[in-house]
Amino acid sequence: MKRPGSQAPMDFIRTIIAEDLKANKNGGRVHTRFPPEPNGYLHIGHAKSICLNFKIAEEFGGLCNLRFDDTNPTKEEAEYVESIKEDVRWLGFDWGDRLYYASDYFDQLYEYALQLIRDGKAYVCDLSPEEIRAYRGTLTEPGKDSPYRNRSVEENLDLFERMRAGEFEDGACVLRAKIDMASPNLNMRDPVLYRMLHAPHQRTGNKWCIYPTYDFAHGQSDSIEGITHSLCTLEFEDHRPLYDWFIRQLRIFAPRQIEFARLNLSFTVMSKRKLLALVQGGHVTGWDDPRMPTLSGMRRRGYTPEAIRTFCERIGVAKKESTVDIGLLEHCLREDLNRRALRRMAVLHPLRVVIDNYPEDQVEYLDAENNPEDPAMGSRNIPFSRVLYIEREDFREDPPKKYFRLAPGREVRLKHAYYITCERVVKDEKTGDVAELHCTYDPETRGGWSRDGRRVKGTLHWVSAAHAGEAQVRLYDHLFVVPNPGDPKNGADFISLLNPKSLEIVSSCKIEPSLMSATPGTHFQFLRLGYFCMDAIDSTPERLVFNRSVTLRDTWAKIEKDRHKADPVRKAEEIKEVTPAHGQAGDIKTAGDKIAIDDFARVDLRVGVVREAGAVKGAKKLIRLMVDLGEGRLRQIFSGVRSAYPDPGVLTGKKVIVVANLKPRQMSFGLSEGMVLAGVGEDRLGIATVEGDLAPGDKVM
RNA sequence: UGGGGUGUCGUCAAGCGGUAAGACACGGGCCUUUGGAGCCCGCAUUCGGAGGUUCGAAUCCUCCCACCCCAGCCA
């Protein structure tokens, strides 16, 4: 089955709606809503819900409302309302004139409460919050009825009116539904409907000092708005019987609630609490820090609404809790930006190149296409002259195999310009670093084509030194070093999992002249580097700042990474790194010699589960593992296998074998309390992992 | 040990009794004035496990296992 007007397959929600339509429920009407609480900024997880609600309405010829669930004046702020509206609009959705607030319905909700009281279905309860909790029972034991449960209708009416009049202190009493204190569903054990809250509300001011709970407000708000399909996240599944109970008791329009799994993204966190902790802890510069998964952060980073919408479509909707690979998000951005970004040249780490045979004062303006994907985007002129900058990375004195860039004596193409050949390397006398290159160019290759048909393997980006502008460039990487920083198994201190390299600031980058007049709304591809946009906040005419939205796919980086992994020289070093620990295990003979079984028995091998794994700052070869050996605490173990695990996070959750009775070894990075077994082969190095029904601490024999 | 959910490729995700879509990732190749883009090929004999029903099961039944959510006067 396909969605109407789309190639995407039907998801379970659309299937349900289509069935409802077929059964002529709600007179063929489809009406959804996006109901944020104005207590924080929207993030990519909200985008999933926004896309779902607005697109479903669109596809089925219905409407989608924007409604703020503002039932708790102590937590919500008007500031958030504006940012949320801006974000939804930015994503490209329109709620028309249907902007609502749960607080719009406070009068009606109050009437509903009165109705329940009159019907003997609600009562005022004087139990303290602690008592209510105690009376509620537990997951396995039923609760007890409140002593106030059987107050008369008249008394309840009087008390509730006095609650409304503000006669009681906060917490002194609440209005509760009278349902069933023995229900296996805790939500049905006489839930609170109204609580005393002497707090001004940003929309209703001082009109109320009692406020409905979310549970009492949400379903009825949906009902009032005639919402046919109320889409929400999984945790509200248990609340559905309660919402349906309210609707039934009140005899009002019944929306149909459907729950779906919220979005989790790898290498970031999504909970409001954690995002707030990042902001308040100063780990990011604010809610709109380009590393944040907030829509305002992503917008600043250079994400487009189209990319986010495509992403939301591709991840699908289901009830399975899952974590989407952030690579998919990045893919969607690249896909969109490839089509629309203007190609420009910028050099992040400049290396001076002098074209010795190019006339001293000559300047040529060369034609350069703006986007090879779309000729309609036209072209621009870029200046070429005797002194240029190229990327430092694009020159190697001693080029490895498959390195196609510049090296002594080698010829490459400068994009849109000429073939050049490296003739001479000038070095800094003190440091020995490459300071400058002297090259010659072939005047016959103007535009980058050679008449004689000779080919070059590499094409470099460049900027004319005399014409270059300067800019600061901010390179972003994943916020966390592990794929699942939000996982409770990673411990409460998810802050320790932050990626120290999530932001790299590169100053004094050289940019082609046309970039000097860039504006924040424009997306660029800096050739061979990635997609960039001007920072909307920090960029000034005096100091231009560009954010890297996402890198280009980089197959060369992959080649180098693989090479690094397989490099036999490096491997030998790894082995040395591992070796010292051997000596401490006692008189264990190394492979080759036969040992007595008693010797082996001295080594206490245990199954360990890796709970955390990360690189060690300042140590190229080490990774740090926090391993669970079932001892009620984690052991810190350093292992020299970094080359095999450029991303040590992949080890998290793996079962490994630990030599558990080694004398702890003090290293400069900390105490290493054991050793994990690893295998070393011709082209391999890796930690041995085990499978099977083994628990942390199990003895390995 | 109560209730509500979920388990299909490394990650998402179709499938609804007729013999495992697609996407990302990954591997290989072609092409290329971005090692970008594009194009082509490969990538689950198997659907948490075990039984059963059936000519036929990821889909139906039974039991089991794992994971998530619920004891706010938060939403």
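So that the names make sense, note that chain A is the first sequence line, chain B the second, and so on, each numbered from 1.
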- Syn or anti conformation of B:G27, syn meaning chi within 90° of 0: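 You should classify B:G27 as anti.
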Looking across every strand, which nucleic acid part, if any, lies under 4.0 Å from [X] by heavy atom: base, sugar-phosphate, or nothing?
X	result
A:His218	nothing
A:Arg405	base
A:Arg528	base
A:Ile315	sugar-phosphate
A:Gln525	base
A:Asp238	base
A:Thr323	sugar-phosphate
A:Thr71	sugar-phosphate
A:Asp69	sugar-phosphate
A:Ile559	base
A:Tyr403	base
A:Tyr194	nothing
A:Pro36	nothing

d([atom1], [X]; [atom2], [N]) in whole Å:
X	N	atom1	atom2	result
A:His523	B:A37	NE2	P	19 Å
A:Lys415	B:G35	NZ	C1'	12 Å
A:Leu329	B:C12	CG	P	15 Å
A:His461	B:U34	NE2	P	14 Å

Taking the same atom, [atom1], in [N] and in [M], what whole-Å distance lies between them?
N	M	atom1	answer
B:C68	B:C63	C1'	22 Å
B:G18	B:C24	P	29 Å
B:U11	B:G3	C1'	31 Å
B:C47	B:U8	P	11 Å
B:A13	B:A20	P	22 Å
B:A44	B:U6	P	28 Å
B:C41	B:U34	P	24 Å
B:G28	B:A66	C1'	37 Å

- How are the rings of A:His239 and A:Phe236 set to each other: parallel, tilted or perpendicular (split at 30° and 60°)?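 Rings of A:His239 and A:Phe236: perpendicular, as their planes differ by over 60°.
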- Query: Does any nucleotide pair with B:G7 by Watson-Crick or G-U wobble geometry, both distances under 3.5 Å, and what is it?
  - Reply: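 Partner of B:G7: B:C65.
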- Output yes when A:Asp222 and A:Arg67 qualify as a salt bridge under the 4.0 Å nitrogen-oxygen rule, no when they do not.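 Looking at A:Arg67 together with A:Asp222, the answer is yes, because their closest N to O distance falls below 4.0 Å.
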- Task: For this output row, return yes or no: ring centroids of A:Tyr110 and A:Phe160 closer than 6.0 angstrom.
- Result: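 So the answer is yes for these two rings.
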- Message: Out of the candidates A:Tyr441, A:Phe526, A:Phe384, only one should pair with A:Trp462 under the ring-ring contact (aromatic ring centres under 6.0 Å, His included) rule; please name it.
- Response: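 That would be A:Phe384; it is the only one of A:Tyr441, A:Phe526, A:Phe384 passing the ring-ring contact (aromatic ring centres under 6.0 Å, His included) with A:Trp462.
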Enumerate the protein-to-nucleotides 24-30 of chain B contacts in which both atoms are nitrogen or oxygen and the separation is below 3.5 Å.
{"from": "B:C26", "atom 1": "OP1", "to": "A:Lys558", "atom 2": "NZ", "distance (Å)": "3.1"}

- Task: Would you kindly say whether A:Glu330 and A:His478 are connected by a side-chain donor-acceptor distance under 3.5 Å?
- Result: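 Yes, a side-chain donor-acceptor pair sits under 3.5 Å.
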